[in-house]
Amino acid sequence: MRCLLAPQPLARAFCIILVAAAATAAARTTIIDDSGTLPHDAALALHWQQLAPRGSVNNQVVGTLALRVKLNVTPWLRRTGRIYLVLPAQQPGALTASWTTQGRLMPGHLATGERTLVYAGAITSAFIEDTVQLTLSVDGRRLIQGYQINFHFEMDEE
Amino acid sequence: MPSRGRDNFRRPGRASLVGLAATLCRRGLPPALLALASGTALAFTVTINQGTRAIYLQIGNGTSSGLFDNGVLPTNNTTINKVSVAVPGNAVGNGTAQAMTTDSTASNSFWDGFAFCNLPTQLYIGGFYRTPGNGNGTISVTASVPVALADTAGDTIPFSQISWTSSGNADGNAAQPFPAGTFPAGGSRTIGQIGQNQWAESCWTFSYLNTVIAPGGSYTGRVTYTLVAP
């Protein structure tokens with residue numbers, strides 16, 4: 001890179017900074033537009049996995065819902081990338097999610113504060129769609145109210 | 001006179017800065033600005049409820065199609081079990097307590113299928129309190145007791161003549177959630193408590209205290225047990 005803007009010593013420092021920034025820019029994570037996912041704000045009634053309490057053995061409440069996931073991956077068309085489902089840290093905490101798919105995305109599971117790979121490879125279409133059966137599980141003793149659980153998808157560009 | 005350094009440093013004019021920025025952007029810099037500028041990223045949400053509340057109380061016989069797992073619910077059982085004793089004529093009122101027996105066939109716990117009570121001498125009493133949250137609250141089981149047992153002739157025996165001990169197989173000397181006691185002569189009394197997200201159960205062995213002299217006859221009375229959660 002030619003640096004014409006400053007005397008040589010300063011230009012060299014400036015160039016070094018720019019090159020370092022370019023190197024880190026190659027690994028970039030971007031939140032994917034999933035506004036086409038339906039339902040986009042789903043209500044899920046959880047039920048006790050074990051209605052009769054047996055001490056601390058099982059106090060999980062669980063529930064499953066179906067989502068039609070639609071990811072707008074137009075910005076990455078004809079490139080490769082890795083798509084993750086993300087469950088950011090949030091209340092009520094210690095919540096786990098697991099899901100099955102119809103094959104376009106990978107099934108998996110994660111806990112609050114984690115992300116899991118659901119797609120890796122070439123982006124060959126503007127949208128990636130799949131039907132996902134999403135199951136949430138949490139200790140019912142943590143629930144003192146209703147909660148809105150936020151998920152998102154993100155792309156790690158390669 | 002030549003300038004010192006400052007004049008040798010050519011600061012690009014505004015137009016030149018725009019051109020420089022465009023060049024940098026085509027090369028993929030600065031990355032933070034690109035991710036923020038893309039704009040329309042949204043998250044999908046799932047709104048969960050607290051989870052439901054449930055209570056269960058069983059005195060004597062109950063009905064279950066399983067062990068209440070994975071959505072299996074207990075079924076209402078309308079059986080009214082009896083606890084009874086026949087006092088020999090020559091023992092009436094002599095102060096020697098008479099052991100009572102039950103017609104209940106419930107010996108196994110629906111908690112885990114364990115043979116908790118011994119028939120026909122013990123009456124099963126148990127239940128659970130399911131609620132979201134992690135408090136230490138308890139709910140009480142209350143017995144509503146008539147003043148007396150009565151026969152068809154109108155003769156009475158105070159309900160306070162009936163008492164019970166409490167135990168359970170494999171419990172040893174552990175404190176029972178439904179401890180021993182005596183019925184009042186009318187009114188209500190708390191006969192035990194169930195903790196939040198706990199199952200509680202005991203086996204009661206009833207005795208007729210036999211300290212009153214009552215005319216011969218068949219004396220009956222009904223105790224109603226109630227469990228209420230807020």
Side-chain angles (χ1 to χ4, degrees), chain A residues 4-7 10 18 21-22 24-26 28-35 37 39-55 58-59 61 63 65 67 69 72 75 86 88 92 95 97 134 136 138-154, chain B residues 5 8-12 16-17 20 23-24 27-36 38-54 56 64 66-74 109-112 126-135 194-200:
Chain A
L4 305 177
L5 307 176
L10 186 57
L18 286 178
T24 56
R28 184 168 62 204
T29 298
T30 307
I31 295 178
I32 300 173
D33 178 359
D34 72 341
S35 56
T37 294
H40 206 256
D41 181 6
L44 177 60
L46 302 177
H47 63 270
W48 296 95
Q49 191 169 45
Q50 187 171 288
L51 181 62
R54 292 186 173 88
N58 187 350
N59 290 296
V61 287
L65 77 157
L67 295 167
V69 172
N72 184 351
V86 185
L95 179 144
L134 179 68
L136 301 185
V138 63
D139 187 333
R141 297 171 300 178
R142 287 181 167 270
L143 303 179
I144 58 174
Q145 61 187 47
Y147 298 86
Q148 190 173 59
I149 309 302
N150 296 297
F151 292 83
H152 67 261
F153 291 89
E154 61 188 25
Chain B
N8 292 332
F9 175 61
R10 290 180 57 197
R11 293 184 181 84
S16 299
L17 276 174
L20 174 61
T23 301
L24 292 175
R27 294 176 180 174
L29 296 174
L33 290 176
L34 284 177
L36 290 173
S38 62
T40 56
L42 296 172
F44 76 90
T45 61
V46 179
T47 300
I48 60 174
N49 64 335
Q50 282 178 262
T52 55
R53 298 194 307 155
Y56 173 73
S64 170
L67 294 178
F68 309 149
D69 288 351
N70 292 316
V72 174
L73 298 175
S109 166
F110 289 152
W111 189 78
D112 60 356
F128 65 76
Y129 175 30
R130 240 325 176 198
T131 183
N134 198 26
I194 303 176
Q196 193 165 325
N197 291 310
Q198 292 186 7
W199 182 297

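Remember, predicted model here, so these are calculated numbers, not experimental data. To find a chain, count down the sequence lines: A is the first, B the second, and so on, and within it residues start at 1.
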- Message: Has B/Q50 got a side-chain atom pairing as donor or acceptor with A/I144's backbone, closer than 3.5 angstrom?
- Response: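 Indeed, once roles are kept as given, a pair shorter than 3.5 Å links the two residues.
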Roughly how far, to the nearest 0.5 Å, is [atom2] of [Y] from [atom1] of [X]?
| X | Y | atom1 | atom2 | answer |
| --- | --- | --- | --- | --- |
| B/T131 | A/R141 | OG1 | CZ | 12.5 Å |
| A/D139 | B/N197 | CG | CG | 8.5 Å |
| A/H152 | B/T45 | NE2 | OG1 | 13.5 Å |

- Task: Taking all non-hydrogen atoms of both residues into account, name the closest pair between B/T52 and A/W48 and its distance.
- Result: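 Distance-wise, the nearest heavy atoms are O-NE1, 2.7 Å.
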- Nearest heavy atoms of B/R130 and A/N59, plus distance in Å: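 Closest heavy-atom pair between B/R130 and A/N59: NH1-OD1, 2.6 Å.
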- Query: Would you call B/I48 and A/L95 a side-chain contact if the rule is heavy atoms closer than 4.5 Å?
  - Reply: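 Answer yes - side chains close enough.
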- Message: Let's test your reading of the structure: which of B/P132, B/A54, B/G51, B/G127 forms the most heavy-atom pairs below 4.5 Å with chain A?
- Response: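 The residue among B/P132, B/A54, B/G51, B/G127 with the greatest pair count is B/P132.
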- Query: Which residues pass the side-chain contact (heavy atoms from CB on, under 4.5 Å) test with B/N49, sequence neighbours left out?
  - Reply: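 Partners of B/N49 by the side-chain contact (heavy atoms from CB on, under 4.5 Å) criterion, ordered by chain and then number, come out as A/A45, A/L46.
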